[in-house]
Visitor: 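Handing you a structure now.
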Amino acid sequence: MTSARGAALLDTILASAICVTVTAIAVPVIGGPLDRERTIIGAQYLAGQLQRARLGALTRGRSVAVRLEMVGERASLQLFEDGNGDGVSERDIDRSLDRPLAPREFLDDRSRGISLRINQRIVDAGGTGSLDPGDDPLRIGSTALLAFSPLGSATGGTLYVAAHQGPQMAIRVFGGTGRVRVLTFDAQARQWRP
């Protein structure tokens with residue numbers, strides 16, 4: 001009876017060691033696709049919030065903007081509605097003239113580890129050359145507001161979304177139409193793909 005217990009303990013230790021080894025091998029393989037999926041989820045969520053602002057401007061008949069802010073490495077976003085007929089502005093937000101439509105939220109609460117960032121050397125999706133890791137991921141001029149008008153136009157520009165490693169994505173907003181498009185950077189071909 002003692003030998004049966006010893007064999008069962010030895011079998012359990014051996015099975016545990018095999019499980020630990022297989023897990024250690026699988027984690028890097030799983031990590032790449034997880035970063036990719038999280039980046040896609042984060043970019044799609046942010047693009048959805050921009051679409052929400054665009055639809056809000058069209059249905060409300062007044063400008064709606066998404067305010068984007070960096071808090072350390074975290075990106076926050078919040079929707080605001082024009083309250084005095086002159087468009088959404090930082091000054092009117094600070095004076096409570098432009099009202100929030102939703103509470104402030106952080107992008108990484110929706111997709112862990114994702115933020116507005118450039119994590120690799122890329123071609124600027126706006127066609128102005130190349131960008132390096134650490135460059136400004138908000139390419140919408142000197143403001144942190146991406147505004148949509150009730151006439152269908154918007155602040156044009158690009159928002160870059162990524163984890164620290166993994167794929168680089170971009171959200172392009174076309175000023176004349178307010179159209180929002182999500183792109184993924186193909187590092188081998190050095191070009192953006194839908």
Side-chain angles (χ1 to χ4, degrees), residues 36-71 73-83 85-94 97-119 122-128 131 135-163 166-185 192-194:
R36 182 179 183 283
E37 293 304 316
R38 286 183 180 136
T39 304
I40 291 169
I41 290 167
Q44 292 290 348
Y45 178 76
L46 181 53
Q49 292 305 300
L50 297 177
Q51 292 283 17
R52 178 179 170 202
R54 180 182 184 211
L55 182 61
L58 295 171
T59 57
R60 293 169 184 273
R62 53 182 60 221
S63 293
V64 174
V66 179
R67 183 188 211 179
L68 300 156
E69 293 182 293
M70 295 301 294
V71 180
E73 289 195 356
R74 300 181 76 198
S76 74
L77 58 134
Q78 187 172 15
L79 276 66
F80 288 89
E81 175 184 43
D82 178 21
D86 66 351
V88 180
S89 69
E90 293 283 354
R91 180 179 165 186
D92 287 351
I93 290 171
D94 293 341
L97 294 173
D98 295 339
R99 301 176 303 275
L101 292 176
R104 177 180 175 180
E105 59 182 307
F106 287 88
L107 188 56
D108 62 357
D109 286 342
R110 297 293 178 163
S111 189
R112 189 171 48 136
I114 304 304
S115 188
L116 292 170
R117 75 168 54 93
I118 298 172
N119 70 357
I122 58 172
V123 175
D124 183 16
T128 61
L131 300 170
D135 283 352
D136 186 5
L138 289 174
R139 300 294 184 169
I140 55 175
S142 61
T143 181
L145 292 172
L146 212 155
F148 295 86
S149 82
L151 301 175
S153 62
T155 306
T158 307
L159 309 174
Y160 291 98
V161 180
Q168 177 70 59
M169 297 190 74
I171 301 168
R172 294 274 295 144
V173 179
F174 298 91
T177 61
R179 198 173 109 216
V180 177
R181 193 165 182 213
V182 179
L183 305 169
T184 303
F185 187 65
W192 291 96
R193 301 196 187 279

Visitor: Quick one: side-chain contact (heavy atoms from CB on, under 4.5 Å) partners of Glu105, sequence neighbours excluded?
Guide: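 If we apply the side-chain contact (heavy atoms from CB on, under 4.5 Å) test to Glu105, skipping adjacent residues, the hits are Tyr45, Gln49, Leu77, Arg110.
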Visitor: Applying side-chain contact (heavy atoms from CB on, under 4.5 Å), name anything that partners Thr184, two or more places apart in sequence or on another chain.
Guide: Met169
Visitor: If the threshold is 4.0 Å, N to carboxylate O, is there a salt bridge linking Asp94 and Arg67?
Guide: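 A salt bridge is present here (some side-chain N lies under 4.0 Å from a carboxylate O).
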Visitor: Is the shortest heavy-atom distance from the side chain of Val173 to the side chain of Ile140 under 4.5 Å?
Guide: no
Visitor: Sort and list the pairs that fulfil side chain to side chain donor-acceptor pair (under 3.5 Å) and have at least one residue in residues 56-66, not counting sequence neighbours.
Guide: Arg60-Glu81
Visitor: Test Leu145 against Ile93 for side-chain contact (heavy atoms from CB on, under 4.5 Å), laying out the working first.
Guide: CA-CA 11 Å; Leu145 292 172; Ile93 290 171; 3.9 Å; yes
Visitor: Considering non-hydrogen atoms only, spot the tightest contact between Phe185 and Ile122 and give its length.
Guide: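 Heavy-atom minimum between the residues: CD2-CG2, 3.6 Å.
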Visitor: Just verifying a value: how many Å separate Glu69 CD and Leu138 CG, rounded to the nearest 0.5 Å?
Guide: 10.0 Å
Visitor: What pairs with Arg104 under side-chain hydrogen bond (donor to acceptor under 3.5 Å, both in side chains), at least two apart in sequence or on another chain?
Guide: Ser76
Visitor: According to ring pair (Phe, Tyr, Trp, His ring centres under 6.0 Å), who are the partners of Phe148, at least two apart in sequence or on a separate chain?
Guide: none
Visitor: Return the OG to CD distance between Ser111 and Gln44, rounded to the nearest 0.5 Å.
Guide: 11.0 Å
Visitor: With Thr158, which residues qualify under side-chain contact (heavy atoms from CB on, under 4.5 Å), at least two apart?
Guide: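 Thr158 satisfies side-chain contact (heavy atoms from CB on, under 4.5 Å) with Ala125, Arg139, Tyr160, Ala170, Arg172 once adjacent residues are dropped.
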